[in-house]
There are 2 protein chains.
Amino acid sequence: MLDFDLSQFLPYQLAVLSERVSKDFATLYRERFGISRAEWRVLAHLSQADSVSVRDIHVQVELDKSKISRAASRLEAAGYITKKLNESDRRLISLALTEKGTALMEEMTPLAREYEARVLSRLGDDAAAFLAAVQKLSQDRSVV
Amino acid sequence: MLDFDLSQFLPYQLAVLSERVSKDFATLYRERFGISRAEWRVLAHLSQADSVSVRDIHVQVELDKSKISRAASRLEAAGYITKKLNESDRRLISLALTEKGTALMEEMTPLAREYEARVLSRLGDDAAAFLAAVQKLSQDRSVV
DNA sequence: TTGACATCGTTGCAATTGCAACGATAGGGT
DNA sequence: ACCCTATCGTTGCAATTGCAACGATGTCAA
């Protein structure tokens with residue numbers, strides 16, 4: 001037997017935990033709104049800014065740009081977002097929420113908050129340290 | 001604009017961070033050993049116990065059992081593991097590392113440690129709290 | 001014992017994915 | 001103005017994936 005404790009191995013723990021959380025949360029909005037995981041990510045990003053390009057999302061999230069492009073197309077077809085050319089740089093497209101999309105996010109946001117609160121409450125006093133650590137790592141692209 | 005800060009949203013942060021770490025680490029062993037992410041997970045589990053079933057891995061990791069089954073088949077074909085029937089319950093199979101598989105893990109384990117150390121060092125004093133929180137959540141299936 | 005039901009690992013198949021390549025556009029440097 | 005190179009979003013395509021269904025095996029109560 002090797003001297004290696006998987007249950008203590010950070011990348012493993014992180015992957016399992018994250019997948020569990022994402023899958024669980026995804027079930028929520030898939031069942032209620034028919035939104036996929038990639039679509040949720042795109043919507044969430046759009047709710048943060050007026051106008052966002054595929055590239056903006058791509059560099060911030062670990063999602064292939066084709067995945068984002070396809071999610072955006074589905075969202076556009078469903079009437080949740082609009083795609084238009086960015087006139088100052090015509091290689092870019094501007095994604096933006098429609099009214100319908102905004103309304104959707106207004107429905108989904110409370111679910112997100114509620115879900116997050118449920119997870120955080122389990123951490124009790126450690127919650128703050130945990131969030132701080134996650135953000136510390138997330139913002140430091142040089143490490144991971 | 002909605003009152004929702006994605007950059008503070010735990011499931012999102014977790015997913016991005018975890019994907020980044022996994023992808024980065026996966027590049028290491030894929031390039032050097034031609035091992036996929038699922039295969040690494042299976043190998044890592046086998047290095048923890050003498051004999052493990054597909055189900056054992058399935059319940060512990062968020063991996064579809066078909067994915068595990070296929071990874072196991074590839075690993076068997078490559079000579080890293082063996083599959084045999086569990087005689088006490090013939091529905092189960094016993095996966096186990098071969099000598100070649102053990103040797104592989106002996107090569108990969110230091111890489112894993114090294115990688116983990118690099119990530120943890122960025123956390124400094126928060127490392128312990130972070131690990132504790134991750135494990136707290138991981139072990140509590142009722143929350144997530 | 002038998003029969004109804006649960007669990008295990010595998011597989012077929014459709015859907016999703018990642019990757020590379022593409023056309024269109026932009027930004028220098030000369 | 002003209003290359004040369006870089007970047008953007010999309011798409012074709014092969015590979016991977018998730019899901020459901022399956023055969024085989026096990027369990028347990030009638």
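Numbered from 1 within each chain, the chains take letters A, B, ... in sequence-line order.
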Here the gap from L75(B) atom CG to I35(B) atom CD1, rounded to the nearest 0.5 Å, amounts to 5.5 Å
Whole-Å distance separating the NE2 atom of H58(A) from the P atom of dC19(C)
10 Å
Would you mind reading off the distance between K67(A) atom NZ and dT16(C) atom C1', rounded to a whole angstrom?
8 Å
Could you grab the distance from atom CG of D89(A) to atom OG of S53(A), nearest 0.5 Å is fine?
9.0 Å
With a 4.5 Å heavy-atom cut-off, do V42(B) and L46(B) have their side chains touching?
yes
Can you sort out which residues in residues 34-43 of chain B have a heavy atom within less than 4.0 Å of DNA chain D? Ascending by number, please.
none
Taken to the nearest 0.5 Å, the spacing of Y80(B) OH from E99(B) CD works out to 14.0 Å
Would you say M105(A) and W40(A) make side-chain contact, with heavy atoms under 4.5 Å?
yes
Student check: side-chain heavy atoms of I57(B) and L95(B) closer than 4.5 Å:
yes
Among dG9(C), dG18(C), dT7(D), which is the nearest nucleotide to the side chain of R91(A)?
dT7(D)
Check against side-chain contact (heavy atoms from CB on, under 4.5 Å), L137(A) and V21(B):
CA-CA 10 Å; L137(A) 287 177; V21(B) 169; 6.0 Å; no
Taking atom CD of E87(A) as the centre, does the number of heavy atoms from other residues, nucleotides or ligands within less than 6.0 Å exceed 12?
yes
OP1 or OP2 of dG9(D) less than 4.0 angstrom from a side-chain nitrogen or oxygen of K65(A), does that happen here?
no
Checking contacts here: which listed nucleotide (dT17(C), dG9(D), dG9(C)) is nearest the side-chain heavy atoms of V54(A)?
dG9(D)
Write down the distance between CG (L63(B)) and P (dG9(C)), rounded to a whole number of angstrom.
14 Å
To the nearest angstrom, how far is D64(A) atom CG from dT17(D) atom P?
15 Å
S66(B) vs dC19(D): side-chain N/O to OP1/OP2 distance below 4.0 Å:
no
Find which nucleotide of DNA chain D each of S69(A) and E19(A) is nearest to by heavy atoms, and output the residue with the more 5' nucleotide.
S69(A)
Thinking salt bridges, do E106(A) and R113(A) make one under a 4.0 Å N-O criterion?
no
How many Å lie between CG on L92(A) and P on dG27(C), as a whole number?
10 Å
Quick one, which residues of residues 70-90 of chain A touch DNA chain D with a heavy atom under 4.0 Å?
R70(A), K83(A)
